[in-house]
Amino acid sequence: MARRCGLCVALDAPDLATAEAWAAAAAPSAGLLKVGLELFSAEGGEAVRRIARHRPVFLDVKLHDIPNTVAGAVRALAPLGPAWITIHAAGGAAMVAAARDAAEKAGGAARPRILAVTVLTSLDAAALAETGVAGGPVQQVLRLARLAVGAGADGLVCSPREVAPIRDALGEGPALVVPGVRPAGSAADDQARTATPEEMAAAGADWVVVGRPITRAADPAAAARAIAGALAA
Ligand code: C5P
């Protein structure tokens, strides 16, 4: 069954003025705008409030701490109004459950959704082995995906190559958000494994995250429009 796959634009800017200009250009074509660690560290909660005037915000802060501390962070972030907050599944089931519980208590019906990162795509099998994880990334991704969804995560961030295995293992329930997406013919930048928006929509992703192909384009609004058009085709 075809899922509707939306465009999330990553606003990886050093300051809010730049991010807001990108947000205004991309908003007509985007369903979500991503505020990441760079912008949030520079501008704090004001970045979330201001970007949320353009589109719902995906707040990518990848929380990872003891359950009590992560719950406190989610409680503090929820009033800023993010639609999604990311956490690390590697924090364990109790941490994921604490984040979900804090989001429910803080946000009511419009609570932030909790999105779990499994294995960072910057870690290959050798780097994972150095951290004590044997068996390779896909096995670890599936283990952490099951743990996170079982503990209450609403969805998962995953690489293009993990969308199909996660859908096979976990079914249609969890939202899948996929960075590393590039329109055909555009530069990969530092993304090692890319896929096109059309491939990700067909594989069962709910959101593709695209940054530089839009924010560094000569015409960001047109670049966003073209990707949104490819997703809707
Ligand atoms: O510019 P680009 O399209 O590569 O941006 C992708 C965005 O997704 C960046 O904000 C990056 O931090 C984020 N991301 C990623 N890979 C992950 C998780 C997040 O590229 N595994």
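Indexing begins at 1, ligand by ligand and atom by atom, following the structure's order.
The closest side-chain heavy-atom distance from Pro56 to Leu32 is below 4.5 Å. Thr86 is listed as a side-chain neighbour of Phe58, based on a closest heavy-atom distance under 4.5 Å.
Salt bridge present: Asp154 and Arg100 bring a charged side-chain N and a carboxylate O closer than 4.0 Å.
With hydrogens left out, the protein atom closest to atom 9 (C) of ligand 1 is Asp12 OD2, 3.2 Å, a heavy atom. Looking only at heavy atoms of the protein, atom 21 (N) of ligand 1 is closest to Thr121 OG1, 2.8 Å. Closest to atom 5 (O) of ligand 1, if we only count protein heavy atoms, is Gly211 N, 3.9 Å. With hydrogens left out, the protein atom closest to atom 20 (O) of ligand 1 is Gln191 NE2, 2.8 Å, a heavy atom. When hydrogens are left out, the protein atom nearest atom 8 (O) of ligand 1 is Pro179 CB, 3.4 Å; that is the closest non-hydrogen contact. Residue, atom and distance of the protein heavy atom nearest to atom 2 (P) of ligand 1 are Arg182 NH2, 3.4 Å. Residue, atom and distance of the protein heavy atom nearest to atom 12 (O) of ligand 1 are Lys34 NZ, 4.0 Å.
Between Met200 and Val208 the shortest heavy-atom distance is CB-CG1, 3.6 Å.
Screening Ile85, Ile114, Val117 for a side chain to side chain contact (heavy atoms under 4.5 Å, CB included) involving Leu63 leaves a single residue, Ile85.
Residue-ligand proximity, Ala10 to ligand 1, at heavy-atom distances under 4.0 Å covers atoms 7 (C), 10 (O). With ligand atoms numbered from 1 in the order given, ligand 1 contributes 1 (O), 2 (P), 3 (O), 4 (O) to contacts under 4.0 Å with heavy atoms of Arg212. Of all atoms in ligand 1, listed by their number and element, those nearer than 4.0 Å to a heavy atom of Val210 are 3 (O).
Atom-to-atom distance recorded for Glu198:CD and Ile227:CD1 is 9.5 Å, nearest 0.5 angstrom.
Around the CZ atom of Arg167, the shell of radius 6.0 Å holds more than 12 heavy atoms that belong to other residues, nucleotides or ligands.
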